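Note that the structure is predicted; figures quoted are calculated from it, not measured. Atoms within a ligand are numbered from 1 in the order they appear, just like the ligands themselves.
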Amino acid sequence: MSPDNRTTGEVILVGGGPGDPDLLTIGGLRALQQADVVLYDHLAPLACLDQTRPGAVLVDVGKIPRGCQTAQADINTLLIEHARTGASVVRFKGGDPFVLGRGSEEWLACAAAGIPVRVIPGVSSAIAGPELAGIPLTHRGITQNFSVVSGHVGPDHPASTVNWDALAQSSGTIVILMGVAHLPEITEGLMARGLNPDLPAAIVVRAATPNQRVVRGTVASLAGLAAEHDVQPPALIVIGAVVGLELGGSE
Ligand code: SAH
């Protein structure tokens with residue numbers, strides 16, 4: 001594809017962890033420090049951007065829910081176009097690129113365009129968020145499994161591919177990302193499918209940032225509490241007996 005003698009660059013999908021720069025991996029930091037171009041969004045640990053080298057091109061491709069948006073197709077095109085100039089391009093994302101982000105779509109788009117692409121895993125908010133609120137996802141003698149679910153559409157929405165019946169019966173911990181907007185629908189849907197309304201539940205807001213907050217309740221009370229506390233994304237919901245352990249994480 002190169003019309004001149006420049007070599008094709010590469011795209012590195014870097015998982016930045018949920019907000020605290022300390023949760024970025026050493027490999028992720030190295031990729032960021034060596035990048036020619038960084039495409040980042042609002043969920044990435046933005047404080048790490050000052051680690052980029054002078055002259056690196058930083059592009060905000062933020063996808064704020066119901067706010068300023070860059071379409072996924074445009075992000076894919078930007079990654080490819082920058083790499084075609086020979087640049088080392090970092091797609092800097094919050095959490096892990098392959099957990100309910102759209103990193104795998106970015107990978108496929110680059111591969112289809114003949115651009116070398118690789119991923120550096122990050123600490124997912126699905127795990128770190130509850131953990132930083134003092135909630136282990138499993139605990140010997142209590143819970144042996146957990147599920148991470150997208151709540152961007154609710155249980156009764158035709159676009160949801162989640163087996164909400166199985167989830168309600170699973171006896172494991174349930175972690176829901178992108179679920180703030182549909183929280184009442186989600187908790188009601190789970191209870192209607194047999195989930196115990198008295199099961200402990202929590203929302204962890206802006207985990208791993210100085211603004212981290214935790215709202216605790218039960219499956220039945222959580223949606224009302226979230227409205228009362230004006231919970232806004234990014235936030236994640238954790239449901240299960242482990243939420244009752246209260247190990248004493250920061251509130
Ligand atoms: N790939 C990311 C998740 C992307 S989906 C990861 O592994 O973490 C975006 C959702 O992740 C948000 O709607 C929210 O539910 C959750 N999320 C991301 N960062 C968060 C944070 N710092 N605190 C709480 N939830 C967060």
Side-chain angles (χ1 to χ4, degrees), residues 12-25 27-28 39-49 61-72 75 90-107 119-135 137 146-154 157 159-162 173-187 201-216 222-223 225-226 229-239 243 249-251:
I12 311 172
L13 310 174
V14 175
D20 182 342
D22 278 5
L23 297 177
L24 181 63
T25 65
L39 271 65
Y40 64 93
D41 60 61
H42 68 290
L43 288 178
L46 300 180
C48 297
L49 290 176
V61 292
K63 294 197 290 179
I64 298 166
R66 280 161 282 279
C68 168
Q69 306 243 352
T70 307
Q72 187 61 49
I75 297 175
V90 162
R91 173 69 175 104
F92 191 41
K93 301 167 77 79
D96 180 87
F98 282 7
V99 177
L100 296 183
R102 299 182 67 176
S104 40
E105 292 172 53
E106 292 164 354
W107 176 297
V119 64
I120 298 179
V123 175
S124 177
S125 67
I127 295 172
E131 191 162 353
L132 292 167
I135 302 167
L137 295 185
F146 65 89
S147 303
V148 179
V149 175
S150 173
H152 79 289
V153 285
H157 196 285
S160 179
T161 62
V162 174
T173 306
I174 304 170
V175 180
I176 300 163
L177 304 187
M178 296 182 282
V180 172
H182 299 114
L183 182 54
E185 225 177 302
I186 289 169
T187 47
I203 306 182
V204 187
V205 188
R206 296 195 176 276
T209 75
N211 302 318
Q212 175 173 318
R213 277 199 306 153
V214 185
V215 176
R216 288 172 183 275
L222 198 65
L225 289 169
H229 288 84
D230 190 28
V231 165
Q232 300 293 332
L236 54 89
I237 298 141
V238 202
I239 298 171
V243 178
S250 52
E251 292 292 313

Task: L43 contact mode with ligand 1 (heavy-atom cut-off under 4.0 Å) - done: side chain

Task: Part of R206 within contact of ligand 1 (heavy atoms, under 4.0 Å) - done: backbone

Open item on the list: When you compare ligand 1 with P18, is there at least one nitrogen or oxygen pair between them that comes in under 3.5 angstrom?
Closed with: yes

TODO: Please round to the nearest 0.5 Å and tell me the distance separating atom CD of Q72 and atom CD of E105.
DONE: 5.5 Å

Open item on the list: Could you measure the distance from the CD1 atom of I176 to the CD1 atom of I203? Nearest 0.5 Å is fine.
Closed with: 9.5 Å

TODO: Have a look at ligand 1 and work out which part of V180, if any, has a heavy atom under 4.0 Å from it: side chain, backbone, both or neither.
DONE: neither

Task: Residue portion contacting ligand 1 (non-hydrogen atoms closer than 4.0 Å) for P233 - done: neither

Open item on the list: What's the separation between atom OG in S150 and atom CG in L100, rounded to the nearest 0.5 Å?
Closed with: 5.5 Å

Task: Spacing of E131 atom CD and L137 atom CG [to the nearest 0.5 Å] - done: 7.5 Å

Open item on the list: If I take atom CD1 from residue I127 and atom CG from residue L236, how far apart are they, to the nearest 0.5 angstrom?
Closed with: 11.0 Å

- [ ] Any chance you could measure L43, atom CG, to F92, atom CZ, to the nearest 0.5 Å?
- [x] 11.0 Å

Task: Distance-only N or O hit between ligand 1 and I176, under 3.5 Å - done: no

Open item on the list: Taking 4.0 angstrom as the limit and counting only heavy atoms of V204, give me the atoms of ligand 1 inside it, by number and element.
Closed with: 24 (C)

Open item on the list: Regarding atom 20 (C) of ligand 1: of the candidates A207, P121, S125, which has the closest heavy atom?
Closed with: S125

Task: Side-chain ion pair, R91 and D41, N-O less than 4.0 Å - done: yes

TODO: Please state whether A208 comes within less than 4.0 angstrom of ligand 1, counting heavy atoms only.
DONE: no

TODO: Answer side chain, backbone, both or neither: which part of A235 comes under 4.0 Å from ligand 1, heavy atoms only.
DONE: backbone

